[in-house]
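Side-chain atoms are counted along with the backbone in the values below, which use heavy atoms only and exclude waters and symmetry mates.
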Amino acid sequence: MNLLPYVAVLFAAILWGTTGTTQTFLQGDISPFAVACVRSAIGGGILLIFVLFVKGIQWQKWPWKWNILAAVSIALFQCLFFSSIRYTGVAIGTVVTIGSAPIFAGIIEWLFWKVKPTKVWAVSTSFAIVGCVLLFVIGGDTIVNSFGVMLALCGGSMFALYTNVSKRLAEKAATLPAVAMTFTLCALFLVPLAWADGWSWLAAPSNALSMVYMGIMTTSVAYILFLSGLRAVPSSAAVTLSLAEPLTAALLGAFFLNEYLAWTSWLGITMIFAGIIVLTLGNRVKV
C-alpha cells in the first residue's frame, strides 16, 4: 500500500490545526464568518488566478454539480462549526464536530457509494474519537447546550459530506482547479454573513499577515494536500485522519500558548496517535 496519500491527508490536518493558534494574533472583535470568508477568498482566489492564467479549467466539461456541492458543504461546515462554538465553547464544539465527522463519513460512504467500512477503519476511528474526547475532557460542572451540540453534529455531517463529494470532484477534475473553484465559490457564499464586519480590520498588519497565512497555508496548501490524498484514500479514512487537527491545536496551545493539558488530555493525544497509526499501517492488510 502506498502511504503517501495518507501522509498528504495527515499533513493537511496538521496545517488545519495551526488555524486556532494563528487566530490568536488577530486584533479586534472579528466574527468567525469574516475570518472564514477572507481565508477562503485568499486561498481560493490565488489559486484561481494561477489556474486561469495557465488555462487549467475546461469550462464546458467542468463538473459543476460536484463543485457546487463541495463549496456549499464546506461553507456550511464553517458556519455550523463556528456557531456551535458560540453556544458550547471551543472544547465541546470541537469534540462533537470533529469527533462525529468520521462516523458521518462512514455512513455517507456506505449509504450513497456502497463502500462498506473496514474493520481497520472501525478500530482506528474508535481509538481516535475516544482520544479526541479525552483531549478536551470537560469538568463535571459544565452545562452542555443542546442546541450548540446539534449545530456541532450538523457541522460534522457537513465536513463528512464535503469529503465524500470532494472525492468525486477529484475524480473528474485536477486538484488545483478543484480547490481554486471550491473555495472561491465558498467565499462568495460566505460574503452575506461576513459583510456586517466590513473589511477595515484587514488594515492592521497582524490581521493581514494572519489571514495571508491562513489563506495560503491552511486553505490553499492544506486542501491541495487533502484533495490529492483523497484520490487514493477512502473518504471515511480521510476524515478519521483529520482528527490530527485538534491534536495539533492542543499541542500548539500547550507548547506555544502555555495552555495547560491534564493527564487525560495527554492520554487522548496518545490514543489519537494510535488511531492514526492503526489506520495508516493497518491498511497494508485488507480486512
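- The structure places CH2 of Trp16 at 11.5 Å from OG1 of Thr18, a figure rounded to the nearest 0.5 Å.
- Side-chain contact check for Ser126 versus Val130: every heavy-atom pair is 4.5 Å or farther apart.
- Using modelled atom types, no side-chain atom of Ser166 and backbone atom of Leu169 make a donor-acceptor pair closer than 3.5 Å.
- Leu267 is not listed as a side-chain neighbour of Leu135, based on a closest heavy-atom distance of 4.5 Å or more.
- Applying side chain to side chain contact (heavy atoms under 4.5 Å, CB included) to Val165 and the options Val72, Ile74, Leu69 leaves one that passes, Leu69.
- In this structure, the side chains of Val239 and Ser242 come closer than 4.5 Å at one or more pairs of heavy atoms.
- Within 6.0 Å of CZ on Phe273 lie no more than 12 heavy atoms contributed by other residues, nucleotides or ligands.
- The 12-atom threshold is exceeded at OH of Tyr213, counting heavy atoms of other residues, nucleotides or ligands nearer than 6.0 Å.
- The environment of Trp199 atom CH2 is dense: over 12 non-hydrogen atoms of other residues, nucleotides or ligands sit within 6.0 angstrom.
- Crowding of Phe127 atom CZ: a count of heavy atoms from other residues, nucleotides or ligands under 6.0 Å not exceeding 12.
- Taking 4.5 Å as the limit, every side-chain heavy atom of Leu193 sits out of range of all side-chain heavy atoms of Cys37.
- Side-chain atoms of Thr219 never come within 3.5 Å of backbone atoms of Gly43 as a donor-acceptor pair (strictly under, hydrogens ignored).
- Distance alone, capped at 3.5 Å, places no donor-acceptor pair between the Asn207 side chain and the Leu202 backbone.
- Trp201 places a side-chain heavy atom less than 4.5 Å from the side chain of Met211.
- Ring geometry for Trp66 against Trp113 counts as tilted: the plane angle lies between 30° and 60°, on a 0 to 90° scale.
- To the nearest 0.5 Å, atoms OG (Ser83) and CE (Met150) are separated by 10.5 Å.
- When atom types are taken as modelled, the side chain of Asp197 and the backbone of Ser31 share a donor-acceptor pair closer than 3.5 angstrom.
- Side-chain contact between Phe112 and Asn164 is absent, with no heavy-atom pair separated by less than 4.5 Å.
- By the side-chain contact (heavy atoms from CB on, under 4.5 Å) test, Ile107 pairs with Ile103, Leu111, sequence neighbours left out.
- Ring geometry for Phe226 versus Tyr223: interplanar angle over 60°, hence perpendicular rather than tilted (30 to 60°).
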CA sep, side-chain torsions, deciding dist, call: Ser206, Leu26, side chain to side chain contact (heavy atoms under 4.5 Å, CB included):
CA-CA 6 Å; Ser206 62; Leu26 294 175; over 6 Å; no

With side-chain hydrogen bond (donor to acceptor under 3.5 Å, both in side chains) as the test, would you mind laying out the steps for Ser210 and Thr22 before giving the verdict?
CA-CA 6 Å; Ser210 297; Thr22 305; over 6 Å; no

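- Panel note: side chain Lys172, backbone Pro63; no donor-acceptor pair is recorded below 3.5 Å.
- Taking OG1 of Thr19 as the reference point, atom CE of Met217 lies at 11.0 Å (rounded to 0.5 Å).
- With hydrogens and angles disregarded, a donor-acceptor distance shorter than 3.5 Å links the side chain of Thr280 to the backbone of Ile277.
- Residues Tyr6 and Phe11 are not in side-chain contact: their nearest non-hydrogen atoms beyond the backbone lie 4.5 Å or more apart.
- Side-chain contact between Cys186 and Gln78: present, with at least one pair of heavy atoms (C-beta onward) separated by less than 4.5 Å.
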Go through the steps to decide whether Thr88 and Val96 satisfy the test side chain to side chain contact (heavy atoms under 4.5 Å, CB included), and finish with yes or no.
CA-CA 10 Å; Thr88 65; Val96 177; over 6 Å; no

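- Aromatic ring centres of Phe77 and Tyr162: separated by at least 6.0 Å.
- A donor-acceptor pair under 3.5 Å links the side-chain atoms of Ser157 to the main chain of Cys154, judged by distance alone.
- Lys114 places no side-chain N or O within donor-acceptor distance of the main-chain N or O of Glu109, the cut-off being under 3.5 Å.
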Side chain to side chain contact (heavy atoms under 4.5 Å, CB included), that's the test. Do Phe159 and Thr97 meet it? Break it down for me.
CA-CA 9 Å; Phe159 184 71; Thr97 303; 5.9 Å; no

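- Phe82 and Phe147 fall within a single hydrophobic cluster, where Ile, Leu, Val, Met, Phe, Trp and Tyr are joined by side-chain heavy atoms under 4.5 Å apart, directly or via other members.
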